[in-house]
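Shown next, in structure tokens, is the structure this report addresses.
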Amino acid sequence: FSNFFGRNLTLGLNIEQSPWIRSLARAFDILSFQVFGGFIVIIIFPEVLNFSEVGLSLMLLLLYTFMESLMLFKWSTTPGKALLNISITKVANANLTFSECLNRSLRVWFYGLGMGVPLILLITQIIAYKNLTRNKITSWDEECEFLISHGDIGYLRAFVYLLIMTFYFYLITSSAI
């Protein structure tokens with residue numbers, strides 16, 4: 001696929017991969033889901049409050065995988081990706097199916113996020129970073145034939161990102177006191 005992806009640059013798509021921007025978008029999406037999805041899960045299933053914080057985080061991360069699949073299927077993006085101007089398409093420019101999106105999200109969860117397990121997460125993040133910078137594509141995007149393109153972020157998007165993330169961290173730290 002590297003030849004195919006290289007040729008797309010001449011078609012006007014910016015597929016120069018930015019691991020840090022992708023990571024920031026994923027952090028935004030996961031944190032958004034942890035805050036809002038966690039609130040909804042706690043309302044519906046209050047017994048999850050008996051889980052350890054780690055157990056609840058691991059469960060929410062797995063639930064997020066399914067939510068991400070749904071967002072990718074419906075909109076070809078997520079809030080974090082949209083905010084940071086990242087889009088996802090199929091290599092063949094076909095419509096994304098839910099099963100393809102779920103397959104990609106589960107691969108990200110396993111190979112990119114190490115299922116959220118702290119030490120495994122660190123190792124998988126390093127491997128994914130090295131693969132992306134060397135091959136210009138992640139293993140899950142190559143396997144699923146997804147094309148990730150980046151647009152300009154600009155000052156306004158960056159400001160909104162920082163504002164929302166600051167608000168999330170405020171929520172998290174103030175509720176932990």
Side-chain angles (χ1 to χ4, degrees), residues 17-90 96-132 137-146 148 160-177:
Q17 298 301 301
S18 176
W20 296 110
I21 300 300
R22 288 178 69 155
S23 183
L24 289 172
R26 183 158 306 280
F28 182 93
D29 291 332
I30 290 172
L31 195 53
S32 296
F33 187 77
Q34 296 270 349
V35 169
F36 296 109
F39 181 73
I40 292 167
V41 167
I42 288 170
I43 289 174
I44 296 171
F45 304 105
E47 58 272 7
V48 300
L49 289 172
N50 297 327
F51 290 13
S52 69
E53 284 185 35
V54 172
L56 183 58
S57 286
L58 292 174
M59 181 194 72
L60 287 173
L61 183 60
L62 181 58
L63 286 175
Y64 170 73
T65 300
F66 294 96
M67 178 60 83
E68 178 189 54
S69 303
L70 185 61
M71 288 185 286
L72 291 176
F73 170 65
K74 294 301 259 179
W75 302 300
S76 298
T77 194
T78 62
K81 287 175 181 58
L83 183 57
L84 296 179
N85 213 2
I86 299 170
S87 62
I88 299 179
T89 57
K90 287 290 288 180
L96 305 178
T97 67
F98 180 75
S99 63
E100 290 170 331
C101 295
L102 181 60
N103 184 23
R104 180 187 186 273
S105 294
L106 287 171
R107 287 174 179 280
V108 170
W109 174 74
F110 188 81
Y111 295 111
L113 298 173
M115 301 167 291
V117 177
L119 183 58
I120 297 171
L121 175 112
L122 178 63
I123 294 166
T124 58
Q125 290 278 288
I126 291 169
I127 292 169
Y129 173 82
K130 288 183 181 269
N131 284 338
L132 181 57
I137 189 169
T138 59
S139 61
W140 49 88
D141 288 328
E142 183 173 25
E143 178 69 30
C144 298
E145 299 181 353
F146 279 76
I148 312 301
V160 170
Y161 179 91
L162 289 172
L163 190 67
I164 293 171
M165 290 299 275
T166 300
F167 174 69
Y168 287 159
F169 284 115
Y170 171 77
L171 280 178
I172 292 167
T173 56
S174 65
S175 66
I177 297 176

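Every value quoted in this text rests on a predicted model; they were computed, and no experiment measured them. Heavy atoms only: backbone and side chains are in, while hydrogens, waters and symmetry mates are out.
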Results of side chain to side chain donor-acceptor pair (under 3.5 Å) for S69 - residues two or more places apart only: S105
Would you find a donor on one side and an acceptor on the other, under 3.5 Å apart, between the side chain of Y161 and the backbone of L24? yes
Test side chain to side chain contact (heavy atoms under 4.5 Å, CB included) applied to F167 and L163, step by step: CA-CA 6 Å; F167 174 69; L163 190 67; over 6 Å; no
Would you indicate whether F39, at its atom CZ, is surrounded by more than 12 heavy atoms from other residues, nucleotides or ligands within a distance under 6.0 Å? no
Hydrogens and angles aside, do T138 and W140 bring a side-chain donor and acceptor to less than 3.5 Å of each other? yes
Could you tabulate the donor-acceptor pairs under 3.5 Å formed by side-chain atoms of residues 119-128, not counting sequence neighbours?
unit_1 : atom_1 : unit_2 : atom_2 : d
T124   : OG1    : G112   : O      : 3.2
T124   : OG1    : G114   : N      : 3.2
T124   : OG1    : I120   : O      : 3.2
T124   : OG1    : L121   : O      : 3.0
Q125   : NE2    : G112   : O      : 2.6

Enclosure of M67 CE (heavy-atom neighbours >12, cutoff 6.0 Å): no
In short, salt bridge (Lys or Arg N to Asp or Glu O under 4.0 Å) pairs touching residues 37-63 with sequence neighbours left out are none
Taking side chain to side chain donor-acceptor pair (under 3.5 Å) as the test, write out the residues that go with Y168, two or more places apart. S32
For I88 and T77, run side chain to side chain contact (heavy atoms under 4.5 Å, CB included): C-alpha distance rounded to whole Å, both residues' side-chain angles, the deciding distance at 0.1 Å, then the answer. CA-CA 6 Å; I88 299 179; T77 194; over 6 Å; no
V41 vs M59, test: side chain to side chain contact (heavy atoms under 4.5 Å, CB included). Steps then yes/no. CA-CA 10 Å; V41 167; M59 181 194 72; 3.8 Å; yes
Can you list every salt bridge (Lys or Arg N to Asp or Glu O under 4.0 Å) pair that touches residues 57-72, not counting sequence neighbours? R26-E68, E68-K81
Set of residues satisfying salt bridge (Lys or Arg N to Asp or Glu O under 4.0 Å) with respect to K90, sequence neighbours excluded: E100
Which distance, rounded to the nearest 0.5 Å, do you find between the OG1 of T78 and the CZ of F28? 8.5 Å
